Amino acid sequence: MSLDPLDVDAEGVTAAGRARGFRPKHLVTGPSRDDKSFLGHPGGLPWMLQVEMWERFSWFGMRAILVYFITDTLANGGLGLPVNAGQVVMASYGAAVLLMTIPGGIFADRILGPWVSTLWGGLIIMTGHVILAIPQVVTSWIGLICIAIGTGFIKPNLSTVVGGLYDDGDPRRDQGFLYFYMSINIGSLIAPLITGLLKDHYGYHVGFIAAAVGMALALVAFVHGRSKLRDFAFDIPKPLAPGEGRRMVLKTLGIIAIGAVLVIGFKALLGEWTSAIAYSLFTFATVTALGYFLTMFRSSKVTERERGHLWAFVPLWVGQVLFVMIFEQAAGKMATFAKANTDGHIAGSALLKPEQYQMINPAAVLILAGLLGMWFRKREGKFPNTPQKFAISVFIIGLTALMMGFGFQSWPGGDKLAPWWFLAVVFVIQTVAELFMNPIGLSAATKLAPKKFASQNMTLWLLAAACGQGLASVTIERTKNLGDVVFYYGLGIVTIVVALVLFAIAPWTQSKMEDVDQVCHEGAGATPESEGH
């Protein structure tokens with residue numbers, strides 16, 4: 001049997017698909033509503049929750065100490081970059097990670113299927129963390145590149161696998177994604193504590209190896225739970241036709257060449273490699289996202305009904321861009337504020353270390369997610385609908401930007417340090433904004449996705465985050481001489497204005513996705529027997 005993933009047989013099934021030895025003989029069949037083996041949800045859900053928990057432990061454990069590693073001196077085991085450059089690199093790296101969801105989505109849709117793509121992503125991440133643990137500058141950058149590639153393969157496809165546990169109209173989907181989102185935050189909660197302690201006692205590189213252990217545990221759960229999934233997890237929605245594989249390779253080489261030209265061109269204009277990479281990533285993310293939208297809008301495989309869903313997706317996508325631009329500064333400017341502008345003493349000798357501030361958001365999610373989830377359930381079909389939730393989220397995150405502007409203005413560092421609770425309050429308020437945005441957005445991205453572009457639509461959702469991080473990196477670079485106060489005040493004002501626009505067009509947006517919500521409401525109104533109440 002050929003193992004060339006680009007070979008295609010007469011039935012249009014890729015060799016990679018035929019050679020997937022991990023596909024179990026027996027998968028879950030029948031309507032998803034009949035599968036209630038985990039708290040009334042499909043039996044595959046808890047295994048995917050474990051995967052996401054440990055994968056997020058891996059990512060957030062590294063992320064909690066990464067900006068400090070980048071900006072620390074070479075003598076202390078860091079990379080020695082200036083603080084502003086380190087913040088640009090952090091935002092750029094976040095954008096790069098999310099851009100890697102493009103090949104991740106393509107491989108799932110065209111070559112491997114979502115489950116196998118996720119498996120490969122996990123293996124690459126684990127390898128990257130092991131390489132990152134080697135105390136050399138070169139291996140540090142190689143490890144970060146591997147982690148970016150692997151994360152790009154996991155992020156769109158694991159969410160797609162979870163979405164595939166539920167049939168269209170299954171009213172449990174949103175709650176399933178809420179559980180999924182809570183699992184993210186369990187991993188995110190414990191990771192900064194462990195990696196921070198290891199970093200303090202043994203150095204950055206030992207802290208990074210803990211993330212490799214977390215990824216290994218994720219892969220064990222992922223392989224073990226595969227028999228609880230449905231065909232959707234292993235199917236290849238749009239297999240490569242004969243000859244397409246070679247054309248794809250040529251296109252990939254062309255994209256790499258374009259990326260290199262962009263970086264070299266921006267380097268000639270701006271004179272700095274960090275700035276050149278930031279501008280290149282933002283440009284690439286924006287152009288690619290527009291290309292995805294145009295491809296799906298113009299595809300003959302997208303029905304008129306699905307095209308209406310895409311129109312509803314556009315303002316939600318724009319809201320996500322601005323949300324991420326502010327929210328993801330948790331590991332950049334907010335991490336810098338925690339270290340240089342905050343007095344972490346709580347009472348007496350109790351001290352909240354800078355990296356431990358990264359634990360506040362996931363802890364708040366675990367406390368608030370269930371409460372907001374119940375409130376969303378009670379308000380189903382009433383205010384706020386999905387577009388209004390997005391507008392509320394963008395408005396709240398804009399307010400937190402104004403708060404951070406006030407924080408940098410009032411406590412510039414040195415002898416004037418913010419009390420420990422100020423940054424903690426900002427994190428909690430951002431968590432409320434996050435709960436109005438991210439779990440709802442994950443669910444909306446799967447519900448509004450054209451069937452032939454399932455994983456790629458999830459990639460498009462993640463590209464919104466890439467554009468947000470890319471825009472943040474460019475803005476940080478452009479405002480380096482103006483300072484953090486100007487950065488946050490300007491960003492906050494713009495974001496609040498956009499939030500008001502999203503509120504104004506919410507009725508139009510809802511009208512474009514009304515049929516999707518109606519199907520879910522009809523499912524929710526099924527007989528008690530059918531729902532197991």
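All figures in this text were calculated on a predicted structure; none of them were measured in a lab. FYI, side chains are in, hydrogens and waters are out, and symmetry mates aren't considered; it's all heavy atoms of this structure.
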Item to check | Side-chain heavy atoms of R110 within contact of E244, under 4.5 Å | outcome: yes

With a cut-off of 3.5 Å and sequence neighbours excluded, list every side-chain donor-acceptor pair involving residues 312-321.
from	atom 1	to	atom 2	distance (Å)
W317	NE1	L460	O	2.7

Checklist entry - Can you name the ring pair (Phe, Tyr, Trp, His ring centres under 6.0 Å) partners of F284, sequence neighbours left out? => result none

Next on the checklist: Let me confirm one number: the CE-CD1 distance from M215 to I125, rounded to the nearest 0.5 Å.
Outcome noted: 5.0 Å

Next on the checklist: Any heavy-atom pair between the side chains of Y93 and I70 that's under 4.5 Å?
Outcome noted: no

Next on the checklist: Just to verify, what does R307 make a salt bridge (Lys or Arg N to Asp or Glu O under 4.0 Å) with, not counting sequence neighbours?
Outcome noted: E304

Checklist entry - Can R56 and I186 be said to form a side-chain contact (heavy atoms from CB on, under 4.5 Å), step by step? => result CA-CA 8 Å; R56 291 292 85 184; I186 292 173; over 6 Å; no

Next on the checklist: Does L463 form a side-chain contact (heavy atoms from CB on, under 4.5 Å) with L99? I'd like the steps, not just the answer.
Outcome noted: CA-CA 6 Å; L463 272 172; L99 279 172; 3.5 Å; yes

Next on the checklist: With side-chain hydrogen bond (donor to acceptor under 3.5 Å, both in side chains) as the rule and sequence neighbours excluded, what pairs involving residues 118-135 come up?
Outcome noted: S58-H129

Checklist entry - Is there a side-chain contact between T139 and L132, using heavy atoms and a 4.5 Å cut-off? => result no

Item to check | Straight-line distance of M296 CE to F293 CZ, nearest 0.5 Å | outcome: 6.5 Å

Item to check | Sequence-distant partners of E306, salt bridge (Lys or Arg N to Asp or Glu O under 4.0 Å), two or more places apart | outcome: none

Checklist entry - Quick one: ring pair (Phe, Tyr, Trp, His ring centres under 6.0 Å) partners of F60, sequence neighbours excluded? => result none

Checklist outcome for this item: Residues passing the ring pair (Phe, Tyr, Trp, His ring centres under 6.0 Å) test with W311, sequence neighbours excluded, are F297

Checklist entry - Considering residues at least two apart in sequence or located in another chain, which fulfil the side chain to side chain contact (heavy atoms under 4.5 Å, CB included) criterion with V137? => result L74, L79, W141

Checklist entry - To the nearest 0.5 Å, what is the distance between CG (L310) and NZ (K512)? => result 11.0 Å

Next on the checklist: Using only atom types and a distance under 3.5 Å, with no angle test, would you say the side chain of T101 pairs donor to acceptor with the backbone of L98?
Outcome noted: yes

Item to check | Rounded distance (nearest 0.5 Å) linking atom CD of Q388 with atom OG of S393 | outcome: 13.5 Å

Item to check | Contact check, side chains of Q469 and F282, non-hydrogen atoms, under 4.5 Å | outcome: no

Next on the checklist: Would you say that M325 contacts I397 through its side chain, given a criterion of any heavy-atom pair below 4.5 Å between the two side chains?
Outcome noted: no

Checklist entry - How would you list, by chain and number, every residue that makes a ring pair (Phe, Tyr, Trp, His ring centres under 6.0 Å) with F69, sequence neighbours excluded? => result Y204, H205, F208

Checklist entry - Is there a side-chain contact between P387 and M513 (heavy atoms, below 4.5 Å)? => result yes

Checklist entry - Listed by chain and number, what are the side chain to side chain contact (heavy atoms under 4.5 Å, CB included) partners of L270, not counting sequence neighbours? => result F266, S275, Y279

Item to check | I326 side chain reached by L322 side chain, heavy atoms, under 4.5 Å | outcome: no

Checklist entry - Below 4.5 Å, heavy atoms only, C-beta onward: do N361 and Q430 meet side chain to side chain? => result no

Checklist entry - Between CD1 of I142 and CD1 of I147, what distance do you get to the nearest 0.5 Å? => result 12.0 Å

Next on the checklist: Taking side chain to side chain contact (heavy atoms under 4.5 Å, CB included) as the definition, give me every residue that meets it alongside S299, ordered by chain and number, with sequence neighbours left out.
Outcome noted: K301, V302, F453

Item to check | Those residues that, when tested against V394, pass side chain to side chain contact (heavy atoms under 4.5 Å, CB included) (two or more places apart) | outcome: M437, T495, A499, L502

Next on the checklist: Has S473 got a side-chain atom pairing as donor or acceptor with G470's backbone, closer than 3.5 angstrom?
Outcome noted: yes

